[in-house]
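Everything numeric here is computed off the predicted structure, so don't read it as measured data. Computed over heavy atoms, backbone and side chain alike; hydrogens, waters and symmetry mates excluded.
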Amino acid sequence: MFSIEHEFDSTVVTLVDEGEGPLQEDVIVIGFEECITVEQYDPRTDRVHKITFSMSQMRDLAASLSLPEGVYSREETTG
């Protein structure tokens with residue numbers, strides 16, 4: 001299950017782990033104009049861990065999901 005919320009300056013996608021246990025905490029993906037952040041609460045440390053991706057890194061990650069093992073360089077396209 002997931003939800004999508006549009007805020008003033010971002011889009012927030014929350015991914016909820018469902019199914020067989022052990023289940024993980026929700027993953028929150030926040031899309032800003034200049035970056036994407038991924039957050040997840042860690043109950044062992046009682047802290048939220050955050051990773052920030054540049055838009056270029058996010059495009060690389062999205063492209064990598066459908067490619068076989070290897071090393072790749074993605075060319076930026078304009079327009």
Side-chain angles (χ1 to χ4, degrees):
M1 181 178 97
F2 63 93
S3 67
I4 301 171
E5 300 173 56
H6 298 292
E7 303 290 335
F8 172 72
D9 64 345
S10 65
T11 297
V12 179
V13 176
T14 302
L15 308 172
V16 179
D17 196 7
E18 295 182 296
E20 300 295 320
L23 300 178
Q24 299 296 313
E25 296 291 329
D26 295 354
V27 173
I28 301 170
V29 181
I30 305 170
F32 297 97
E33 186 174 334
E34 68 283 350
C35 68
I36 305 284
T37 63
V38 179
E39 301 177 356
Q40 186 177 41
Y41 173 72
D42 183 349
R44 295 170 296 157
T45 61
D46 194 31
R47 295 182 64 190
V48 172
H49 296 277
K50 181 190 290 189
I51 299 172
T52 302
F53 293 91
S54 69
M55 297 311 283
S56 178
Q57 288 174 314
M58 201 63 217
R59 287 187 291 271
D60 286 349
L61 176 61
S64 74
L65 295 177
S66 61
L67 295 171
E69 183 177 346
V71 177
Y72 299 89
S73 178
R74 190 180 46 77
E75 291 185 26
E76 292 288 329
T77 58
T78 57

> Among all residues two or more places apart in sequence or in another chain, which pass the side chain to side chain contact (heavy atoms under 4.5 Å, CB included) test with E18?
Replying inline: M1, V16
>> Evaluate K50 against E39 for side-chain contact (heavy atoms from CB on, under 4.5 Å), listing each step before the verdict.
In response: CA-CA 4 Å; K50 181 190 290 189; E39 301 177 356; 3.1 Å; yes
>> If I take atom CE from residue M58 and atom OG1 from residue T37, how far apart are they, to the nearest 0.5 angstrom?
In response: 10.5 Å
> From Q57 CD over to C35 SG, what is the distance, rounded to the nearest 0.5 angstrom?
Replying inline: 10.0 Å
> Can you list the residues that meet the salt bridge (Lys or Arg N to Asp or Glu O under 4.0 Å) rule with R47, with sequence neighbours excluded?
Replying inline: none
> Same hydrophobic cluster for V27 and L61, using side-chain heavy-atom links shorter than 4.5 Å among ILVMFWY?
Replying inline: yes
>> If you compare all heavy atoms of I36 against all heavy atoms of G31, which two are closest, and at what distance to 0.1 Å?
In response: CD1-CA, 3.6 Å
>> List the residues meeting side chain to side chain contact (heavy atoms under 4.5 Å, CB included) with E34, not counting sequence neighbours, and say none if there are none.
In response: F32
Could you go through residues 19-26 and list every donor-acceptor pair under 3.5 Å that involves a side-chain atom there, pairing it with any protein atom two or more places apart or in another chain?
none

Taking only distance into account, with no hydrogens and no angle test, what donor-acceptor pairs under 3.5 Å do side-chain atoms of residues 2-15 form with protein atoms, sequence neighbours excluded?
residue: H6; atom: ND1; partner: T11; partner atom: OG1; Å: 3.2

>> For D42, give me all partners under salt bridge (Lys or Arg N to Asp or Glu O under 4.0 Å), at least two apart in sequence or on another chain.
In response: R44
